[in-house]
Amino acid sequence: MLDPQMLRTDLHRTAEKLAQRGYQLDTEQWQQLEDSRKSVQVETEALQNQRTTISKSIGQAKAKGEDVQSLLDQVAQIGEQLEASKNQLKAILEEMEGVTLYTPNLADDSVPVGKDENDNVEVRVWGKPKDFDFELKDHVELGHVNQGLDAESAANLSGSRFTLLTGEVAQLHRALAQFMLDMHTQQHGYKEFYVPYMVNAQTMQGSGQLPKFADDAFITEDDRYLIPTAEVPLTNLVADTIIDEQDLPIKMTAHTPCFRREAGSYGKDTKGMIRQHQFDKVEMVQIVHPEHSDKALEEMTAHAEAILQALEMPYRVIVLCSGDMGFSASKTYDLEVWVPGENTYREISSCSNCTDFQARRMQARFRSVEVKKPQLVHTLNGSGLAVGRTLIAVMENYQNEDGSISIPAVLQSYMNGKTVINKA
RNA sequence: GGAGAGAUGGCAGAGCGGUUGAAUGCACUGGUCUUGAAAACCAGCGUACCUUAAUAGGGUACCCAGGGUUCGAAUCCCUGUCUCUCCGCCA
């Protein structure tokens, strides 16, 4: 949610910033709502004050045994007016909320203005793609020759966009998640969490998935949502709390499956396990002091990069343009890993600073020693990394001519000391 | 799944339907006292919104949530959520 104060005092500049993201705010409608809200609210509260005052005097008069009828008549009149005024105010506030809940965060000034993914800007490149002197296989072929990746069985069990992993490939998948968690907890200062995979609607709203993106999530019969990312439960841990300033920053990580409907992505990334209804991810979340969120985003991105560096896989970092960012984000870096089988870079992580956007929805605040009033925290989240896509990248980057897959040095201890997955 | 109890300020814990935003204790903050500390004593101590130049003052709302009764609701009624106890079931 945006700062309502900002919408009031700086409406047109805010609307311009939103337009950079492709969101058209109807400023005229908003101004009208705001104007009527103001007058109706003032009126309502004045009426309420009158009613309370008279009601109190009724109590006092009764206690003294005086006649109360004239007071009752007075208050009856006010009652009707008050009722009408209250309903009007409620309707206005609901309409305003309808706008604010559907309005995305503002882009940071450092974010390139652009329309879609074509306007994203490369920030840096790490590593060089290996020179392979044999014909490359993609992960689907590699999965096939190693009998570790079985799309057909998954489709039989569940339908499209599911994957079945078996044997050493499944173990490698597990090893990757373990390795990532260990790195973030032992070297990057994150606390590990095991979280619910289903959350209620309020939680989904807190981090911005609802109400606008209801179609993207799986919902259960009892109105719970399967989490699309661990960001949702982790970030909402601070919902409705006031944190001591000295407890900031809070750094959390969790390995969870992620569930996505992928509605509207028919025909996109259908080959292999790129875009799935269910995939594993190790997520990082930070709750920070507003002054430090810029720096925290750089750090968190570096934490995600550290995984790829340890795995010695080439990647690049891009900053998303204003039009390509997610709803809650103010600034986002995507990490794209080199995928030799496709001869291209593929998104494997997304790290975002959500500033106070989620915090305002969740009412997540902190109190400092200097400022008495609780202030909103800033929230950040980043993948560190998407496990399934990392698996693909490892398979393809570490493939050998005979179809076997070498195991990256840092993962060997997680693979019972094995150094290679031999083809079946 | 069955039966019962409960949800009040950071915590604990009162609260006949009428001056209760809410007693009291603890914690916390400031002060007095003290060489310093403790103790004691005094004072302060919620959040959001509106109004305002104002972190001054004034107003409104909030005692789990949402409805209702009433001139007036923390207090009465209904629904929901959550917690606890007992029984059953279960990894």
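Small disclaimer: the values here were computed from a predicted structure and weren't measured. In what follows, chains are A, B, ... by sequence order, proteins preceding strands, each numbered from 1.
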Looking at the rings of Phe259(A) and Tyr197(A), which for Trp means the six-membered one, are their centres under 6.0 Å apart? no
Rounded interatomic separation in angstrom, taking CD from Gln41(A) and P from A61(B): 12 Å
When every non-hydrogen atom of Leu82(A) is compared with those of Leu47(A), the smallest separation belongs to CD1-CB, 3.7 Å
Value in whole Å for how far the P atom of C62(B) lies from CG of Asp240(A): 18 Å
Does some side-chain heavy atom of Glu342(A) sit less than 4.5 Å from a side-chain heavy atom of Ile274(A)? yes
If we take the C1' atom in both C41(B) and C33(B), what is their distance in whole Å? 9 Å
For G66(B) versus U55(B), give the span between their C1' atoms, rounded off to a whole number of Å. 35 Å
Contact check, residues 82-100 of chain A vs RNA chain B, heavy-atom distance under 4.0 Å, returns Lys90(A)
Base, sugar-phosphate or nothing for Gln60(A)? Non-hydrogen atoms, less than 4.0 Å. base
Enumerate, in order of first residue number, the stems that involve RNA chain B, defined as 3 or more consecutive Watson-Crick or G-U wobble pairs with both distances under 3.5 Å. B:1-7 with B:81-87, B:10-12 with B:24-26, B:28-32 with B:40-44, B:46-51 with B:57-62, B:64-68 with B:76-80
Distance between the P atoms of G67(B) and G57(B), in whole angstroms? 33 Å
Restricting to non-hydrogen atoms, name the atom on Ser293(A) and the atom on His378(A) that form the minimum distance, rounded to 0.1 Å. OG-ND1, 2.8 Å
Atom-pair distance (CD on Gln202(A); P on C82(B)), nearest Å: 12 Å
Has Arg365(A) got a side-chain N or O lying under 4.0 Å from the OP1 or OP2 atom of G46(B)? no
In whole Å, I'd like the distance from the CZ atom of Phe366(A) to the C1' atom of G10(B). 18 Å
Taking everything shown except Met198(A) itself, do over 12 heavy atoms lie less than 6.0 Å from its CE? no
Please say whether more than 12 non-hydrogen atoms of neighbouring residues, nucleotides or ligands are located less than 6.0 Å from CD in Gln69(A). yes
Atom pair distance, as rounded to whole Å: CD in Gln375(A) and P in U47(B): 12 Å
So, Phe366(A) versus His289(A), ring centres under 6.0 angstrom or not? yes
Which sits closer to the 5' end of RNA chain B, Gln363(A) or Val75(A), going by the nucleotide each is nearest to? Gln363(A)
Aromatic ring proximity, centroids under 6.0 angstrom, His303(A) and Tyr190(A): yes
Hey, do the aromatic rings of Phe218(A) and Tyr225(A) have their centres closer than 6.0 Å? no
Show your working on side chain to side chain donor-acceptor pair (under 3.5 Å) between Gln171(A) and Tyr414(A) and close with a plain yes or no. CA-CA 9 Å; Gln171(A) 190 185 359; Tyr414(A) 295 88; over 6 Å; no
How far does the P atom of A54(B) sit from the matching atom of G6(B), given to the nearest Å? 47 Å
In whole angstrom, what separates Gln48(A)'s CD from C62(B)'s C1'? 12 Å
Rounded distance in Å - NZ (Lys373(A)) to P (G46(B)): 13 Å
Which whole number of Å gives the distance between the C1' atom of C42(B) and that of G46(B)? 23 Å
When you get a sec, tell me which of U47(B), A48(B), U19(B) is the closest nucleotide to the side chain of Lys56(A)? U19(B)
Would you mind classifying the nucleic acid contact of Ile54(A) as base, sugar-phosphate or nothing, using non-hydrogen atoms under 4.0 angstrom? nothing
Is any side-chain nitrogen or oxygen of Lys38(A) closer than 4.0 Å to OP1 or OP2 of U51(B)? yes
Using only atom types and a distance under 3.5 Å, with no angle test, would you say the side chain of Arg389(A) pairs donor to acceptor with the backbone of Glu347(A)? yes
Would you measure the distance from the C1' atom in G88(B) across to the matching atom in G1(B) and give it in whole Å? 7 Å
Assess the side chains of Asp10(A) and Thr14(A): does a donor N or O sit below 3.5 Å from an acceptor N or O? no
Nearest-neighbour nucleotide for the Ile58(A) side chain, C50(B), G18(B), G46(B) considered: G18(B)
Rounded off to whole Å, could you give me the CG-to-P distance for the Asn200(A) and C82(B) pair? 9 Å
Please measure how far the C1' atom in C50(B) lies from the corresponding atom in A43(B), and state the result in whole Å. 30 Å
Reckon Asn49(A) has a side-chain N or O less than 4.0 Å from the OP1 or OP2 of U60(B)? yes
Roughly how many Å apart are G9(B) and A74(B), using the C1' atom of each and rounding to a whole number? 12 Å
Would you find a donor on one side and an acceptor on the other, under 3.5 Å apart, between the side chain of Thr253(A) and the backbone of Lys191(A)? no
Just the table, please: protein N/O against nucleotides 72-81 of chain B N/O, every pair under 3.5 Å.
| unit_1 | atom_1 | unit_2 | atom_2 | d |
| --- | --- | --- | --- | --- |
| G72(B) | O4' | Ser55(A) | OG | 3.2 |

Is any NZ, NE, NH1 or NH2 atom of the basic residue among Glu34(A) and Lys38(A) found under 4.0 Å from an Asp or Glu carboxylate oxygen of the other? no
By nearest heavy atom, map Gln50(A) and Ile242(A) onto RNA chain B; which one lands nearer the 5' end? Ile242(A)
